[in-house]
Amino acid sequence: MREKYCLPVIKHSTQAVFDEIDHNIDQYHFFEVWLDYIEGVDDEFVTKLTHKYSHKIIFLFRRERLEPIEMPSDSRFQLIRSLDQSHALLDLDIRSQLAELEFIKLNDLQIRVIGSYHNYKKTPDLNELQLIVDQIESHKPEIVKISTFCNDEEDAVRLLELQLLLKEKHQKHIVLGMGRHGIVTRIFGSLWGNELIFAPLVAQHHTAPGQLSRAQLDTIFKNLHI
């Protein structure tokens, strides 16, 4: 097994984004670029990034912990149009970014979408999670992503059960638990077929509670002899 590590990139300038990716290009499979934090971001920057790094880029408009997006909707739609027929992935949350998902569908854009659901407070029960997955799948994403906060061990087990259900129907997925109890889902999730695992350079730079650093994950997988 070779882990598909993804480096979250939160920078405030376009040059800093390029510098961060160039510096780590040989160490990561993917780079998650948080567009709403970048000053002066435009479709030229997005196009240049996708052309230079091709399949390695994941874009998102969200802010940490689902804080309100500052970029105007017309600017977001323009950037989405620039991704039509590109190799980049675009992560859109089913609760807060339904307008963007509908925009893609109405305009028949060919975009590789990660349809996601984030809950920073709790993990819903399995029936609700399955309904959320159904809602995400109605938008025909390439990957279904579920990321919820685990308040106890049962929450983590529930997420792993959901992952097995997605795996059984051959749906590409990323299922992750946040918080201390969710760490186990990041390990077993990788072993059981998650499309990628988020791994900041140092744990203090995490973009979600419970993320482990690249070095921590390397040690774990090495000790497991994977």
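- Nearest heavy atom pair, residue Lys122 against residue Thr148, reads O-CB, 3.4 Å.
- Of all heavy-atom pairs spanning Gly115 and Pro141, the tightest one is N-CB, 3.6 Å.
- Within a 6.0 Å radius of CD in Glu128, other residues, nucleotides and ligands contribute more than 12 heavy atoms.
- Closest approach of Lys121 to Asn151, counting heavy atoms only: O-ND2, 3.0 Å.
- Gln211 has its side chain within reach of Pro8: a pair of non-hydrogen atoms, C-beta onward, lies under 4.5 Å apart.
- In this structure, CD1 in Ile174 is found 10.5 Å from CD1 in Ile197, a value given to the nearest 0.5 Å.
- Proximity of His29 to Leu196: side-chain heavy atoms (C-beta onward) are nowhere separated by under 4.5 Å.
- With contacts defined as side-chain heavy-atom distances shorter than 4.5 Å, the pair Glu32/Leu7 does not qualify.
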(request) Apply side chain to side chain donor-acceptor pair (under 3.5 Å) to Tyr53 and Asp22, showing your working. (result) CA-CA 9 Å; Tyr53 304 110; Asp22 284 338; 2.5 Å; yes
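- Closest approach of Leu66 and Ser96 over heavy atoms only: CD2-OG, 4.3 Å.
- The hydrophobic cluster containing Ile187 also contains Leu159, counting ILVMFWY residues as joined when their side-chain heavy atoms lie under 4.5 angstrom apart, directly or transitively.
- Residues Leu98 and Leu92 fail the side-chain proximity criterion, which asks for heavy atoms closer than 4.5 Å.
- Of the residues Ile104, Asn107, Val46, the one that meets the side-chain contact (heavy atoms from CB on, under 4.5 Å) test with Arg81 is Asn107.
- Taking the six-membered ring where the residue is Trp, Tyr5 and Phe221 present tilted rings, their angle falling between 30° and 60°.
- At a threshold of 4.5 Å between non-hydrogen side-chain atoms, the residues Glu64 and Thr207 count as touching.
- The two residues Trp192 and Leu164 make their nearest non-hydrogen contact at CE3-CD2, 3.9 Å.
- Both the sub-6.0 Å distance and the 45° axial angle are satisfied by Lys48 relative to the ring of Phe18.
- Just one residue in the list Arg65, Arg95, Arg62 forms a side-chain hydrogen bond (donor to acceptor under 3.5 Å, both in side chains) with His118, and that residue is Arg62.
- Smallest separation of non-hydrogen atoms from Ser54 and His87: OG-CD2, 3.5 Å.
- Using a cutoff of 4.0 Å between basic side-chain nitrogens and carboxylate oxygens, Asp218 and Arg214 are scored as salt-bridged.
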